[in-house]
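Everything below concerns the one structure shown next.
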Amino acid sequence: MKMLYQQMLAIFGVIFVMMAIVSVLFIRSTTANVWSNSFDQLEEYTDVLADNALQVNVARSAFEPNAAFIQNSEKILQNQRVRFIIYNADNAAVYPNQQAQSAVSIEAKTWAKLKEGTSVALPELTTDPRNGKQQSMTIYYRPVFLSNKLLFVVAAYAPVDNIQSSIRKTEYNLFIAFLLSALVAVVVSYFVARYQVGRINRLRQVTHQVAEGDYDVDLNLRSKSHDEVADLANDFQDMVQSLRDSQAEIHRQEERRRQFMADAAHEMRTPLTTINGLLEGLAYDAIPEESKGQSITLMRNETKRLIRLVNENLDYEKIRTNQILLKKQTFNATEALQDIVSQLSQKAAAAGDKLVLESAADVPVYADHDRFVQVMFNIAQNAIQFTQNGTITLSAKAGYHQTEFAVADTGIGMSEDQLKNIWERYYKADPSRKNTKYGESGLGLAIVHQLVTLHGGTIDVASKPNVGTTFTVTLPDEETAPKQAPITHTK
């Protein structure tokens, strides 16, 4: 069954059941009110007769009915077919005809209640109390006492078909209203269901578009309603936006990957060509004996460049996929930074830079020693690469439940657009430097960012063009550092 009909059936079913319940309750209430009103009217008639149609002789404890008054009352009420009977204390009818033998006496059970002073209403009497003929009647008995003694009973009765006729009219009118309401319910349920199904079909349509790779879709359901379908549409639109952003990111990364492959191929080709030429020279004794040592050194340097390029890619993938295990421990960060300064002093001097370390003698840090050195080494080397004849300052200080490190240079700096992308792999803030002797691949800072994040720390960068750049690394201590997630091995 299509959802349109399911929605219609559900909505119509709810309306139908509600109307049926209301109709049944209304009929029962109306019927009860009709019967109650009928008895109230008969009670009022008996009160009038008891007060005006009977002449009571107190001395003799007797009464005499005023037949003319009663007959006039019956004429007035003839459209309602109301009749009256007067019974004496012996349960004998004295009106309308004291000599009538066909009048029906009051049943013993009812008479007992009347003698106790209780008025009695009988909803359906099967015989006419005047002549005993079979006829459905409704009757009301009202006892009248004198000196705590039953004097007479006034009875007012009318055919039941009057009441039933009123009830049937009410039921008929309610049935017509029920049919009209059902028709309106069908129409309303159709349009409501069509509206809901239309929204779902729209969602289904755009889902099909997304499945075919078209992410440029808009549901246009955000501001029209605030129900579950609208929430689903909002979530779906957010998902599409995420897919769109992911697709754009994939394209951007793919372009950078292609650029990197071209750069890597170029960088690899140069050292490989150099190594191959030197090997051929050594093989054919084309290199003088005194130059062989220099040739071997050159081949070793070029080989290290290749190894560094390959290792950077392998390290990034392992870090990105959480395939490395950090061996965290607390050690003196100052000693590690002194080693880094010693290793990079020669490169800094070649660029005309001055390396400065500002740190206390003992600054404890909780981290993986080798990965910490890798992070600070890459940042410092990056600073040297983009600084000529300047100063590079490495600093460390202990904070509250953390250790802060900074690498500040006086180099060329970066613009705001460059700062937004420096953590992305294959990105080069200055593409013209891709062929330097440091073998920049665009992965160094991406690796740094991943390693700092893996430690549960943060890394921030502030830079101004032609002023300099400052990298700030913050690592938590052992008490606040997060535990490393389980290592996942991916193919």
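The figures here come from the full heavy-atom set of this structure, side chains too, leaving out hydrogens, waters and symmetry mates.
Summarising the geometry, atom CG belonging to L42 is positioned 8.0 Å from atom CZ belonging to F84; distances are rounded to the nearest 0.5 Å. Taking CD of Q80 as the start and OG of S38 as the end, the distance is 8.5 Å to the nearest 0.5 Å. Residue Q41 holds its CD atom at 12.0 Å from OG1 of T46, rounded to the nearest 0.5 Å. L325 CG to R371 CZ: the interatomic distance, rounded to the nearest 0.5 Å, is 10.0 Å. Expressed to the nearest 0.5 Å, how far OH of Y141 lies from OG1 of T110 amounts to 6.5 Å. Between the CG atom in N173 and the CZ atom in R168 there is a gap of 13.0 Å [rounded to 0.5 Å].
Side-chain atoms of S36 never come within 3.5 Å of backbone atoms of A32 as a donor-acceptor pair (strictly under, hydrogens ignored). H455 places a side-chain N or O within donor-acceptor distance of the main-chain N or O of L451, the cut-off being under 3.5 Å. A donor-acceptor pair under 3.5 Å is formed between the side chain of S463 and the backbone N or O of M414. Here the side chain of Q418 pairs a donor or acceptor atom with the backbone of S415 at under 3.5 angstrom. Judged by distance alone, the side chain of T480 and the main-chain N or O of P476 form no donor-acceptor pair under 3.5 Å. Judged by distance alone, with hydrogens and angles left aside, the side-chain atoms of T207 form a donor-acceptor pair with the main-chain N or O of L203 at under 3.5 Å. One N or O on the side chain of D368 and one on the backbone of K327 form a donor-acceptor pair closer than 3.5 Å. Counting only distance, with no hydrogens or angles, the side chain of D90 and the backbone of A92 share no donor-acceptor pair below 3.5 Å. Between the side chain of D214 and the main chain of Q209, no donor-acceptor pair closer than 3.5 Å is present.
Taking a 6.0 Å sphere around CZ of F175, one finds it holds 12 or fewer heavy atoms contributed by other residues, nucleotides or ligands. For H401, the NE2 atom sits in a packed shell: over 12 heavy atoms of surrounding residues, nucleotides or ligands are nearer than 6.0 Å. Other residues, nucleotides and ligands contribute more than 12 heavy atoms inside 6.0 Å of the CZ atom of F145. The 12-atom threshold is exceeded at CZ of F377, counting heavy atoms of other residues, nucleotides or ligands nearer than 6.0 Å.
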- Message: Let's go through D409 and F386 carefully: what are the C-alpha distance in whole Å and the side-chain angles of both, what is the deciding distance for side chain to side chain contact (heavy atoms under 4.5 Å, CB included) to 0.1 Å, and is it a yes or a no?
- Response: CA-CA 9 Å; D409 63 58; F386 290 93; 5.8 Å; no
- Message: Under the criterion side chain to side chain contact (heavy atoms under 4.5 Å, CB included), I'd like the reasoning laid out for K397 against V363: C-alpha separation, chi angles, the key distance, then a yes or no.
- Response: CA-CA 6 Å; K397 64 178 180 179; V363 178; 5.8 Å; no
- Task: Show the numbers, then the answer: is there a ring pair (Phe, Tyr, Trp, His ring centres under 6.0 Å) between F372 and F405?
- Result: CA-CA 11 Å; F372 171 79; F405 304 92; 4.9 Å; yes
- Message: Run I86 and V153 through side chain to side chain contact (heavy atoms under 4.5 Å, CB included) and show every step you take.
- Response: CA-CA 6 Å; I86 310 298; V153 174; over 6 Å; no
- Would you check, one step at a time, whether the test side chain to side chain contact (heavy atoms under 4.5 Å, CB included) holds for N382 with L445? CA-CA 8 Å; N382 183 79; L445 292 181; 4.2 Å; yes
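Residues G456 and P482 come closest through the heavy atom pair CA-CG, 3.7 Å. A pairwise comparison of heavy atoms in A50 and V144 identifies CB-CG2, 4.0 Å as the closest pair. Nearest heavy-atom pair, I139 versus Y157, reported as atom, atom and distance to 0.1 Å: CG1-CB, 3.6 Å. Considering every non-hydrogen atom in both T330 and Y366, the closest pair reads OG1-CD1, 3.5 Å. Summarising the geometry of F26 relative to T170, their closest heavy-atom pair is CE2-CG2, 3.9 Å, with the distance given to 0.1 Å. Of all non-hydrogen atoms in L475 and G457, the two that sit nearest each other are CD2-CA, 4.3 Å.
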For a quick test of your reading: what N or O donor-acceptor pairs under 3.5 Å do the side chains of residues 115-123 make, sequence neighbours left out?
none

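No side-chain donor from either of D245 and S242 sits under 3.5 Å from a side-chain acceptor of the other. If you check the side chains of Q241 and R244, you find a donor sitting under 3.5 Å from an acceptor.
With contacts defined as side-chain heavy-atom distances shorter than 4.5 Å, the pair Q402/D477 does not qualify. For the pair V461 and T470, the minimum side-chain heavy-atom distance is 4.5 Å or more. At least one side-chain heavy atom of V375 sits less than 4.5 Å from a side-chain heavy atom of V452. Looking at heavy atoms from C-beta onward, V48 lies out of side-chain contact with Y45 at the 4.5 angstrom threshold. Side chains of N52 and N66 form no contact here, defined as non-hydrogen atoms less than 4.5 Å apart. You'll find the side chain of E43 stays beyond 4.5 Å of the side chain of R142, heavy atoms only. Between V448 and I459 there is a side-chain heavy-atom pair separated by less than 4.5 Å. Counting heavy atoms from C-beta outward, Y87 and P129 have side chains that approach closer than 4.5 Å.
Note: F178 and F16 meet the aromatic proximity criterion, with ring centroids under 6.0 Å apart.
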